[in-house]
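Read through the structure below, which is laid out as structure tokens, and then see the notes.
FYI, side chains are in, hydrogens and waters are out, and symmetry mates aren't considered; it's all heavy atoms of this structure. First the proteins, then the strands, lettered A, B, ... as listed; each starts at 1. Remember, it's a predicted structure, so these values are computed and weren't measured experimentally.
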Protein chains: 2
Amino acid sequence: MTEEDKQTEEKIFESATEVFVEKGMDGARMQDIANRAGINKSLLHYYYRTKDHLFNAVFEMIAGQMFKKFAPVLDENLPLEEKIRFFFREHIAFMQKNPRLPSFILNELHRNPERIRKLIQNIDINKLWTTIEAQHKEELKRYNITKENIPQFMTTVAGMSVFPFVARPVIASIMEKMGYDFDNYLEERKEYAADFVINALKKQEASNKM
Amino acid sequence: MTEEDKQTEEKIFESATEVFVEKGMDGARMQDIANRAGINKSLLHYYYRTKDHLFNAVFEMIAGQMFKKFAPVLDENLPLEEKIRFFFREHIAFMQKNPRLPSFILNELHRNPERIRKLIQNIDINKLWTTIEAQHKEELKRYNITKENIPQFMTTVAGMSVFPFVARPVIASIMEKMGYDFDNYLEERKEYAADFVINALKKQEASNKM
DNA sequence: TTTATATTTGACCAAATGGTTAAACTAAAT
DNA sequence: ATTTAGTTTAACCATTTGGTCAAATATAAA
């Protein structure tokens with residue numbers, strides 16, 4: 001039945017997501033996925049021909065989900081400063097709920113770089129820049145953000161948000177030794193990161209004037 | 001012979017390093033390692049009993065190498081600002097030569113978090129803080145870096161340095177689309193990151209005074 | 001030179017793993 | 001009720017893979 005059908009196919013997809021995200025493509029085992037879904041291994045091949053197919057389905061969904069999280073930043077009609085706060089709040093919150101996604105995605109992109117082309121092919125980066133520039137012309141000028149240095153700025157912002165999750169095991173261990181709580185650190189990071197970036201920009205602005 | 005011996009064992013180690021760093025533990029194949037070393041697969045087991053043993057040997061060497069790169073920052077007798085510049089220059093330069101190490105290390109720590117304990121067990125973090133505090137008491141106060149928020153600060157700095165390498169495929173692809181050069185971006189990042197961090201601190205300082 | 005020791009190899013093995021298939025089962029259509 | 005189509009399963013297969021072993025080779029010691 002369509003109902004039962006969806007249930008099975010969906011269960012497979014969910015279990016596959018779990019296993020792939022946790023172990024990566026190379027470490028994942030089809031039997032493991034079948035076990036978690038509580039079904040026979042053959043069903044995996046019945047619904048998704050091969051491990052590769054199944055993995056692709058999962059990866060595309062995950063990567064899409066992650067990239068979508070960046071979009072609202074462009075839509076929201078907020079001053080740059082507020083957008084920065086908005087971004088860190090939303091992005092870190094999303095990763096708090098899905099702490100393994102960043103590592104998973106970056107990792108698999110590393111293993112298979114061609115995948116990236118497919119992910120970013122629809123994005124017209126020059127248009128993106130035009131949009132941003134239109135929205136924040138004065139602020140960008142004030143903060144000395146140019147088309148030339150925007151990659152530096154963007155990767156700084158992205159890194160501040162993503163790095164804690166990519167390096168989670170290390171950071172969490174060290175913090176444990178210091179008697180601090182990692183979850184608390186994440187919570188505080190939403191504000192700390194935003195403040196840090198905004199401070200850097202404002203100082204830049206001050207230096208500019210001289 | 002000791003000479004031949006070392007040559008073989010070393011060749012194995014080098015090939016293993018290549019393969020493990022490139023493919024990770026799960027993706028690496030013993031046969032692949034043997035082929036690159038130009039020797040019989042059995043020799044791998046002769047010198048390093050199992051794949052796990054071989055991997056451990058490689059990982060410990062790599063991780064040690066990476067962590068050592070953080071040490072000079074503490075030794076150097078420089079003002080904080082200069083230390084920050086020194087760190088980004090040295091750390092990014094090291095990773096430029098070994099662009100895959102960060103992903104490799106973080107990944108494998110993710111796969112086997114217990115490994116971290118072994119890596120950081122010798123580090124007395126409280127003592128580390130005392131050292132830093134002694135070296136930069138005034139600056140820390142000025143910039144409002146406390147024992148409570150130092151994890152935020154340290155991960156920010158580490159992230160700015162490491163993230164470009166962890167997310168290299170994504171960043172490089174997007175930059176290519178923009179007509180920019182990734183290697184150039186890395187080169188510029190040494191200064192950009194330092195400036196950015198120092199700016200953030202200085203603005204913090206300015207706000208503090210009010 | 002002969003003996004003992006270390007090194008290297010090819011053949012081999014057992015387990016794991018992705019994938020196939022034919023049969024059994026379920027449920028809707030006739 | 002019977003046929004038909006879709007779903008699920010157990011048994012099976014071929015290949016890969018980490019690992020072993022005994023024989024062969026080279027090297028040092030006697």
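Here C/dG19 presents its C1' atom at 14 Å from CD1 of A/Ile33, a figure rounded to the nearest Å. Rounded to whole angstrom, the span from the NZ atom of A/Lys11 across to the P atom of D/dT7 amounts to 14 Å. Distance, A/His53 NE2 to C/dT20 P: 11 Å, rounded to whole Å. A straight line from NZ of A/Lys23 to P of C/dG18 spans 12 Å, rounded to a whole angstrom. Atom P of nucleotide D/dT7 and atom CD of A/Glu9 are separated by 9 Å, given to the nearest angstrom. One can place CG of A/Asp26 at 10 Å from P of C/dG18, the figure rounded to the nearest angstrom. The distance from atom OH of B/Tyr47 to atom P of C/dA6 is 12 Å, rounded to the nearest whole Å. Rounded to whole angstrom, the span from the CE atom of B/Met30 across to the C1' atom of D/dT20 amounts to 12 Å.
Across D/dG18, C/dT17, C/dT8, the shortest atom-to-atom separation from the side chain of B/His45 is found for D/dG18.
Within the 3.5 Å criterion, the main-chain N or O of A/Ile120 finds a donor-acceptor partner in the side chain of B/Lys177. A distance-only check finds no donor-acceptor pair linking the side chain of B/Glu108 to the backbone of B/Gly24 [under 3.5 Å].
There is a side-chain donor-acceptor pair under 3.5 Å between B/Ser42 and B/Asn40.
If you take OH on A/Tyr185 and CD on B/Glu148, they are separated by 15.5 Å, rounding to the nearest 0.5 Å.
Put simply, A/Thr8 has a side-chain N or O that comes within less than 4.0 Å of OP1 or OP2 on D/dT8. Using a 4.0 Å cut-off, some side-chain N or O of B/Arg29 falls inside it from OP1 or OP2 of D/dG18.
A cation-pi geometry, defined here as NZ or CZ lying under 6.0 Å from the six-membered ring centre and within 45° of its normal, does not hold between B/Arg100 and B/Phe165. For the pair A/Arg189 and A/Phe88, the cation does not sit on the ring face, since its NZ or CZ is not both under 6.0 Å from the ring centre and inside 45° of the axis.
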Within the sub-3.5 Å range, which N or O atoms of nucleotides 9-11 of chain C have a protein N or O partner, and how far apart are they?
{"from": "C/dT9", "atom 1": "OP2", "to": "B/Asn40", "atom 2": "N", "distance (Å)": "3.1"}
{"from": "C/dG10", "atom 1": "OP2", "to": "B/Asn40", "atom 2": "ND2", "distance (Å)": "3.2"}
{"from": "C/dG10", "atom 1": "N7", "to": "B/Asn40", "atom 2": "ND2", "distance (Å)": "3.1"}
{"from": "C/dG10", "atom 1": "O6", "to": "B/Ser42", "atom 2": "OG", "distance (Å)": "2.4"}

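For the ring-ring contact (aromatic ring centres under 6.0 Å, His included) test, residues two or more places apart in sequence or in another chain that qualify with B/Phe20 are B/Phe55.
Contacts of B/Ala28 with the nucleic acid, taken as non-hydrogen atoms under 4.0 Å apart, involve only primed sugar atoms and P, OP1 or OP2.
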